[in-house]
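The structure appears below as structure tokens.
Naming: A, B, ... by sequence-line order, numbering from 1 per chain. The analysis underlying the following values was restricted to heavy atoms, covering all of them including side chains, and did not include hydrogens, waters or symmetry mates.
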Amino acid sequence: MNEVTDIRITQAEMPFAVVQGQPVLKLPDDLYIPPDALEIFLEAFEGPLDLLLYLIRRQNLDILDIPIAEITRQYTSYIEMMQGMRIELAAEYLVMAAILAEIKSRMLLPRPEPEEDEEEDPRAELIRRLQEYERFKQAAEDLDELPRLERDIAVASAAVEDKGEVKLPPEVDLKEILLALRDVMARAEIFAHHHVQAEPLSVRERMARITDLVSRNQYVQFNECFDLEEGRIGAVVTFLALLELLREHLVDLVQQELFGSIYVRSPAQT
Amino acid sequence: MDIEYLKKVVEAALLAAPAPLSLNQLNALFADDEKPGHGLIKEALAALDADLEHRAVELTEVGSGYRLQIRTTLMPVISQLWTEKPPRYSRALLETLAIIAYRQPITRGEIEQIRGVSLSANILRTLQERDWIKVVGHRDVPGRPELLGTTKAFLDYFNLKSLDQLPTLAEIKDIDNLEPELELTHPNPDRDSATTEDTDETQQEEGAGEETPSEEHDIEAPEDQKAQTAEKPAD
Amino acid sequence: MDIEYLKKVVEAALLAAPAPLSLNQLNALFADDEKPGHGLIKEALAALDADLEHRAVELTEVGSGYRLQIRTTLMPVISQLWTEKPPRYSRALLETLAIIAYRQPITRGEIEQIRGVSLSANILRTLQERDWIKVVGHRDVPGRPELLGTTKAFLDYFNLKSLDQLPTLAEIKDIDNLEPELELTHPNPDRDSATTEDTDETQQEEGAGEETPSEEHDIEAPEDQKAQTAEKPAD
């Protein structure tokens with residue numbers, strides 16, 4: 001303990017005070033008040049109302065019938081004691097001292113009897129506050145008594161082997177895609193002017209299908225690109241797709257010999 | 001839907017979920033065309049509760065829904081499992097929480113008036129971090145102070161189904177019983193002695209009282225506040 | 001010791017503990033003179049296991065001890081508990097998908113040209129993981145960039161027999177009139193089977209989407225991405 005203090009002092013090199021030119025590095029023993037004690041005292045009460053309640057309850061007095069002068073005396077002596085101990089007192093404690101003094105002084109004054117009936121007893125407001133505070137002091141204790149998690153209650157839970165946390169992929173509405181495309185179109189005039197517009201989509205699809213086919217097989221027989229079941233229109237679409245692919249150099253058509261098989265292949269292989 | 005199956009699903013869900021489940025949440029487990037509806041789920045819950053009678057857990061309903069918890073009779077043994085001590089809460093925190101619970105919605109200033117001390121920011125922060133209180137609105141006065149209220153998590157933590165289940169608040173005794181005349185006419189001997197002995201103190205006090213007439217406002221102000229809150233039944 | 005009681009304690013402990021419990025840990029719950037010993041505890045565990053036959057949980061032994069876990073048969077329903085509501089795709093992703101659908105086969109560079117911004121790698125990855133687009137070939141130009149096209153899964157998801165069924169570009173220009181004719185298809189329910197793994201991407205995607213002008217991200221990110229693809233030999 002002492003070591004710690006000493007170390008701190010040497011590190012900080014800050015004297016508590018300078019007396020007659022000499023730095024005082026250590027508090028005189030007789031001035032020493034264990035800080036714990038002060039804190040405990042302060043923390044014992046949750047404020048002036050709590051302290052007042054304590055003073056009242058200690059004497060088994062009814063809140064409704066507080067001997068204001070006596071309570072004021074006791075309260076004030078506590079406050080003075082704390083001030084004497086140089087405890088930094090919350091302002092509320094001093095305010096309460098003032099309130100008590102005020103009430104006491106008003107009660108000592110001779111009361112002009114009848115007509116001032118409506119004037120409230122000077123203690124009334126204080127009593128209301130004390131009562132109200134006491135209710136919640138009690139409520140806090142009751143709350144503390146309630147069975148609660150972490151102390152009185154354990155929630156039952158079972159293990160889950162594989163949570164398989166399925167995070168669903170976003171759902172997309174076709175319309176969202178179309179709207180997105182419209183925006184792109186609006187932005188890029190390219191769609192407005194180019195031949196793209198006239199292009200039947202099925203050709204595009206077929207182009208993708210053929211490219212896919214060709215990329216997976218080195219050579220694809222020309223007639224393998226066609227699906228007879230699709231009929232004439234299907235054949236035309238496929239043929240258009242092949243021509244388009246040729247034009248874009250996405251495929252090559254090769255024929256080894258006259259009237260031999262025509263192969264479709266990826267142009268990279270040349 | 002087969003109630004036996006539903007019962008199993010409900011039990012599994014309550015045991016698997018990290019927090020209590022509401023009827024809505026239980027219902028949402030099922031595909032649209034298979035949703036049992038609240039009625040059937042309640043039936044399943046009741047059946048489950050009956051099944052569990054001789055088991056280690058019991059079904060309870062708290063603020064945010066249903067949960068299964070270890071029977072309290074087994075807790076003394078089971079609590080051996082915890083190596084850490086359960087958290088304790090300071091009086092200041094509990095008082096603040098109690099005031100918010102019984103008087104919600106309430107402003108910080110109003111809490112301070114009731115407790116007679118200013119409220120540390122720590123307490124409010126702790127309460128909010130524990131998700132026990134939240135800002136539920138703003139009072140329509142200058143500064144628009146925040147109105148605080150409790151959450152479902154608060155109910156869950158304290159094993160309450162609703163605020164109704166809070167212990168009843170002590171009654172306020174009737175102030176009309178005050179008999180000031182009596183005391184004034186027959187000051188008790190203690191007081192007498194007190195006043196004579198402590199003249200110095202008394203004077204100091206009175207002096208203090210005069211110096212700070214503004215305090216009177218502080219006393220008077222809460223007047224309507226109290227009246228207001230007192231009328232309102234605790235909910 | 002009463003085996004019925006021991007069974008209850010064991011059940012309670014397993015349900016209260018956050019992790020599996022070993023025989024030692026279960027034994028340690030009891031005071032010294034009441035310790036049942038491993039033999040009795042095993043008996044209790046066996047009895048408990050039998051009891052649980054028709055319940056939602058089952059007893060399993062894992063490396064560190066015993067635990068009760070939700071029966072796997074119930075998991076499909078229970079897993080709804082932690083199924084998150086899916087985020088939304090970013091504008092950039094939708095545009096990219098639209099361009100691929102209408103202009104396939106198309107390279108990444110061409111998409112970037114049309115959109116006027118560079119394309120984030122995440123978008124293509126997400127679309128590929130969702131199985132909506134695939135690489136259908138390579139364009140025969142330096143770098144042999146990948147050619148992208150839509151998949152059968154894409155058509156299935158949007159309930160299209162073929163791309164023909166997509167509205168023409170001219171119709172899209174007038175999309176507001178288009179609406180009545182267009183069957184706004186409900187995405188089919190088993191699509192999730194395809195995507196249990198793309199969670200990360202989806203979220204990142206969403207993050208980018210929320211910040212839209214996401215284009216800025218898209219511009220920054222692809223920089224290295226391009227370098228990457230450029231390095232990578234066409235396969």
*Can you tell which part of B:Pro76 gets under 4.5 Å to a heavy atom of chain A, answering side chain, backbone, both or neither?*
neither
*Is A:Asp144 salt-bridged to A:Arg151, going by a charged N under 4.0 Å from an acidic O?*
yes
_Which atoms of B:Leu160 approach chain A - backbone, side chain, both or neither, heavy atom under 4.5 Å_ = side chain
*Tell me, for B:Thr60 versus chain A, whether the close heavy atoms (under 4.5 Å) come from the side chain, the backbone, both or neither.*
neither
*Among B:Leu94, B:Asn159, B:Leu15, which has the most heavy-atom pairs under 4.5 Å with chain A?*
B:Leu15
*Salt-bridge present (B:Arg55, B:Asp51; N to O < 4.0 Å)*: no
_Exactly one of A:Asp62, A:Ile63, A:Asp65 should register a side chain to side chain contact (heavy atoms under 4.5 Å, CB included) with A:Ile127. Which one does?_
A:Ile63
_Ionic contact status for B:Arg108 with B:Glu112, cut-off 4.0 Å_ = yes
*Name the member of A:Ala154, A:Ala91, A:Ala159 that forms the most heavy-atom pairs with chain B at distances under 4.5 Å.*
A:Ala154
*asked:* Can you tell whether the side chains of A:Arg129 and A:Glu132 come within less than 4.0 Å, N to carboxylate O?
replied: no
*Identify which of B:Trp82, B:Phe158, B:Tyr157, B:Tyr89 forms the greatest number of heavy-atom pairs closer than 4.5 Å to chain A.*
B:Tyr157
_Structural part of B:Arg67 lying under 4.5 Å from a heavy atom of chain A_ = side chain
*asked:* Whether A:Glu134 and A:Arg57 form a salt bridge (side-chain N of Lys/Arg under 4.0 Å from carboxylate O of Asp/Glu) is what I want to check.
replied: yes
